[in-house]
Amino acid sequence: MEAGGIGTFVSGFPADFGWGTATSAYQIEGAVDEGGRGQSIWDIFSHESGRIERGENADISCDHYHHWQEDLDLMAELGLSVYRFSIAWPRVMPDGKGPLNEEGVGFYSGLIDGLLERGITPFPTLYHWDLPQALEEEGGWMNRDTSQRFAEYAAAMFERFGDRVDLWLTHNEPWVAAFVAYVAGEHAPGGCEDWPLALRVSHHLLLSHGLAVQALRASRAASAKIGFAPNLQPVHPLTGSPEDAEAARIWDGFQNRWFLDPVFKGSYPEDMLAEYERFGVEEAIEDGDLAVISSPVDLLGVNFYQQATVKHDPDSVFLGVAGVPTRPPLTDMGWAVTPEALHELLLRLKRDYGDFDIYITENGAAYPDEWDGGDIVEDPKRVDFISRHLESLSQAIADGVNVKGYCVWALLDNFEWAKGYDKRFGLYYVDYPTQRRIPKRSALWYRDQIAASRLATPQEDE
Ligand code: FCB
């Protein structure tokens, strides 16, 4: 089938570029009570009244737990070379510590083998927000011990899968896990406007990242590559006023530098330590922690959706800074479409943090796709969105940024956290009542983009 002429194919990618898609366990797997899986904080949170739009939860979602082979076939049809998924900690370690649940390990082992059989590189994330509820009951991420439990879980995964997995991510978007959960209260476990707690959580997430990197180096998979995947945004002030300039500095520190500096420079940014002093942040940071957190990584995962445009707003819960909806067109999430900001971000990362492998571990858009019962769902805006971001990426590669791969969020429509099923990000439309997957135009376009890129830069062994 032809891609339909929307969205020009983008050139300039190396022959071994990793063309991928991404998903996460809680958002697609379903089967929450099967195979010996323990509960996670998202199982509890999503069943609390008022937490998720329309009272939805991910008990079934895309039922990927039972449809995984079909889903791997979809990826093979697209010609993907890499698949970013997450391992559900409570599926492999139901209590968050102690013995492994072999049935859960077997699920991911089969998935990894299935990917390798199809020539797709597995790229697992160890934590995409689904903390075992048993650990939450011991304080969750506000308890420093959870970092150690995470490292033990990570070590077990390196032991079991290290023979077949060469690319790892520790955390997905620790900013969201700390601040959207504990300040905005919109994500599990749903604390509210608790800055001291959110900052403590952010430190423990970073500490657990460093401990997991060290666990990898000590494991049979020592030569594998590892990093983490923060959500990053270039930040622009709304106006030229000194207040808005200050707001932009704070937002950049809050969202970007608070996570990048400790990992890549071994220190928290001074201006943010001063900003957070009133929340007692230093109490959580012990001697030696930053040396652990800055254990050398091999790669950075970049989750990129939009540029932030901010202004000073004394009423905002986020440090007196508010994001401003920029000019239309917006996606169905109300997010701005700013592909040029990806180029800006990548050049800034290289300038400020160094020259390491970068994978775009998430990029994509929600649109209100509709299926008319036919064989394809037309989604021209998503084709346009992806092709424009690939243009920006190609420009960054031309400018010397070492980008190794790109993963569209998401392979399938799925459970979009507090927004539920209404926000559709997939290359494939999911008809939830029948669990049928219907390709969107963007899936076919992406398939053809991948093929065109490979044709332009043939692999050496071809
Ligand atoms: C990111 C999350 C991912 C998905 C996308 C739309 O913040 O990492 O799970 O929800 O947003």
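Numbering of ligands and ligand atoms starts at 1, following listing order. Below, all heavy atoms of this structure are taken into account, side chains as well, without hydrogens, waters or symmetry copies.
Distances from ligand 1 to the non-hydrogen atoms of Asn231 include no value under 4.0 Å. At least one heavy atom of His128 sits less than 4.0 Å from an atom of ligand 1.
Atom 10 (O) of ligand 1 has as its closest protein heavy atom Glu416 OE1, 2.7 Å. Atom 7 (O) of ligand 1 has its closest protein heavy atom at Glu173 OE1, 2.5 Å. Looking only at heavy atoms of the protein, atom 5 (C) of ligand 1 is closest to Tyr305 OH, 3.3 Å.
Residue contacts with ligand 1: Gln27 is placed with a nitrogen or oxygen under 3.5 Å of a nitrogen or oxygen of the ligand (distance criterion only). Residue Asn172 places at least one N or O, backbone or side chain, under 3.5 Å from an N or O of ligand 1. For Trp417, a nitrogen or oxygen atom sits less than 3.5 Å from a nitrogen or oxygen atom of ligand 1, counting backbone and side chain alike.
Judged by a 6.0 Å distance limit and a 45° cone about the ring axis, Lys404 is not positioned over the six-membered ring of Phe17. With Tyr65 as the aromatic partner, Arg91 meets the cation-pi criteria of under 6.0 angstrom to the ring centre and within 45 degrees of the ring axis.
Ring centroids of His209 and Phe228 are separated by less than 6.0 Å, placing the two rings close together.
Using the six-membered ring where Trp is involved, Trp129 and His187 have ring planes that are tilted, between 30° and 60° apart. The aromatic rings of Phe318 and Phe254 sit tilted relative to each other, their planes meeting at an angle between 30° and 60°.
Per-residue contacts place Phe425 under 4.0 angstrom from the following atoms of ligand 1 (heavy atoms of the residue considered): 6 (C).
A donor-acceptor contact under 3.5 angstrom links the side chains of Thr23 and Tyr83, judged on distance only.
If you look at Val176 next to ligand 1, there are no close heavy atoms at all, none under 4.0 Å. Contacts with ligand 1 closer than 4.0 Å are made by side-chain heavy atoms of Glu362 only, the backbone lying farther away.
Residue pairs that meet the salt bridge (charged side-chain N to carboxylate O under 4.0 Å, His left out) test with at least one member in residues 185-202, sequence neighbours left out, do not exist here.
By the side-chain hydrogen bond (donor to acceptor under 3.5 Å, both in side chains) test, Tyr429 pairs with Arg424, sequence neighbours left out.
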